[in-house]
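Order of appearance sets the numbers: ligands from 1, and atoms from 1 within every ligand.
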Amino acid sequence: IPKVDFDRIRKDFTVLDQQVNGHPLVYLDNAASSQMPVSVADRLDAYHRNEHANVHRGIHTLSQKATDAFEMTRRKVQQFIGASSSDEIVFTTGTTDSLNLAANSYGMENLQKGDEIILSEMEHHANIVPWQMVAQKTGAVIRVIPVLDNGELDMQAYKELLGPRTKIVSVIHVSNALGTVNPVKEITALAHEHHAVVVIDGAQSVPHQPVDVQDIDCDFFTFSSHKMCGPTGFGILYGKKHLLDKMPPYRGGGDMIDKVSFEETTYNVVPFRFEAGTPPIAAGIGLGAAIDYLNEIGMEQIANREYELVDYAVSRLREIEGLQMIGESSNRASVCSFVFDDIHASDLGTILDKRGIAVRTGHHCAQPILRRFNVPATTRASVSFYNTTEDIDRLVDGIHYAKSFFE
Ligand SMILES: Cc1ncc(COP(=O)(O)O)c(CN[C@@H]2CONC2=O)c1O
């Protein structure tokens with residue numbers, strides 16, 4: 001496989017060419033949202049300028065062309081995550097929407113009082129709150145897999161939590177707060193031994209490594225376009241066809257119906273049953289362009305590049321006196337989270353921004369895991385394949401500069 005020239009790749013991200021506060025931008029907030037290559041921005045521009053029309057029911061040419069381009073993304077997503085059919089690809093507005101759909105449609109239909117939903121201590125709020133809402137309505141109970149001191153799941157505790165009342169296991173693939181990559185294939189196999197259904201929150205895995213949902217054998221898988229070089233406002237719920245077929249829609253309106261009368265309404269087939277109203281057409285086409293871009297580089301190459309960068313970041317950060325990494329797992333993707341005893345994360349983030357360095361500080365919509373590590377906030381640097389070791393060096397220099405303020 002020819003080695004990818006990532007220096008040339010970086011030039012595709014013109015947003016990185018700017019100055020921030022008089023310094024060249026160093027963008028290390030990719031876990032929050034990735035940047036968009038020129039080819040995706042151009043695709044969106046071309047659609048808006050020359051191709052826009054509403055999709056699915058138009059009989060005129062422009063509508064058909066927009067429909068073809070939009071539905072092409074469904075097939076691209078199917079191929080990208082290794083689904084067996086494009087019918088298993090539901091378009092949503094993002095991972096949060098996808099998880100709410102899984103919880104409100106599959107959850108509400110299949111949970112009885114006393115049934116158990118297993119989550120983990122490191123979940124993002126998008127994979128906690130929808131299940132709490134459904135548990136309140138159904139009387140189901142939420143059980144939580146603890147996280148070890150190194151930021152990995154306590155798999156022994158997980159095995160002990162599994163039992164005859166376990167109906168759903170919903171866990172994060174890669175922690176957006178710690179960077180830990182969880183053994184989702186093993187988690188799924190263990191859950192299936194107890195006839196539980198498995199939902200994987202893949203928001204932080206799909207952008208950074210090859211994902212094969214049939215190999216994992218999970219029942220549902222969710223992710224967002226804006227974390228994988230695509231536009232915001234668009235995401236995916238993958239679901240095994242035999243499960244989606246039995247799920248009721250949880251949002252009603254146009255397109256998701258077959259026949260409507262005031263006496264009775266019948267629904268469209270899967271996946272359209274779950275896609276009410278005019279979809280974010282441009283964003284869907286933009287995601288298709290993002291997948292083309294990622295496929296051209298190759299997810300293996302992207303994963304290897306990012307492992308190199310995150311390993312370099314961890315080794316350089318570890319040299320800094322007083323820095324405490326939160327989440328020490330060697331099996332990590334993209335994210336480094338850290339704290340200092342004597343510098344609050346938001347102060348550090350503000351000073352880094354003054355030097356053109358973009359990181360995220362706070363609880364990263366994962367308050368339980370920060371509480372577990374007894375920290376109010378962390379500073380999180382998250383890399384993507386278009387970052388460089390110079391970006392990491394600038395981050396480390398920026399931290400030393402910030403420390404000088406507090407010494
Ligand atoms: C693991 C995980 N799950 C769900 C979500 C929600 O995705 P949407 O916002 O696209 O619905 C995020 C977003 N990550 C947050 C967003 O900002 N910083 C983060 O780490 C996430 O990292």
Problem - Whether G235 lies under 4.0 Å from ligand 1, heavy atom - result: no
Practice task
Assess R380 for proximity to ligand 1: is some non-hydrogen atom of it under 4.0 Å away?
Solution key: yes
For [X], counting its heavy atoms only, list the atoms of ligand 1 lying under 4.0 Å from any of them.
X: S224; answer: 7 (O), 8 (P), 10 (O)
X: N176; answer: 19 (C), 20 (O), 22 (O)
X: I172; answer: 1 (C)
X: A31; answer: 14 (N), 19 (C), 20 (O)

Problem - Straight-line distance of I302 CD1 to F385 CZ, nearest 0.5 Å - result: 4.5 Å
Side chain or backbone, does [X] bring an N or O within less than 3.5 Å of an N or O on ligand 1?
X: H226; answer: yes
X: T96; answer: yes
X: K227; answer: yes

Handout entry: Side-chain donor-acceptor pair present, T92, S98, cut-off under 3.5 Å
Key = yes
Of all the non-hydrogen atoms in the protein, which one sits nearest to [atom], and at what distance?
atom: atom 21 (C) of ligand 1; result: H124 CD2, 3.4 Å
atom: atom 3 (N) of ligand 1; result: D201 OD2, 2.7 Å
atom: atom 22 (O) of ligand 1; result: Q204 NE2, 2.8 Å

Handout entry: Contact list for residues 74-115, test ring pair (Phe, Tyr, Trp, His ring centres under 6.0 Å), sequence neighbours left out
Key = F70-F91, F91-F234, Y106-F220
Handout entry: Heavy-atom closest contact (D29 atom, S382 atom, distance)
Key = C-OG, 3.3 Å
Problem - Heavy-atom pair of closest approach, residues C336 and M325 - result: CB-CE, 4.1 Å
Could you list the donor-acceptor pairs under 3.5 angstrom formed between side-chain atoms of residues 191-201 and any protein atom two or more places apart in sequence or on another chain?
residue: H192; atom: ND1; partner: D217; partner atom: OD2; Å: 3.4
residue: H192; atom: NE2; partner: D219; partner atom: OD2; Å: 2.8
residue: D201; atom: OD1; partner: A203; partner atom: N; Å: 3.1

Exercise for the section: Look at the aromatic rings of F13 and Y293 and report parallel, tilted or perpendicular, splitting at 30° and 60°. Expected result: perpendicular
Handout entry: Centroid separation H208 to H173 less than 6.0 Å
Key = no
Problem - Part of A203 with heavy atoms under 4.0 Å of ligand 1, whether side chain, backbone, both or neither - result: side chain
Practice task
Give a yes or no on whether Q79 atom CD has more than 12 heavy-atom contacts from other residues, nucleotides or ligands under 6.0 Å away.
Solution key: yes
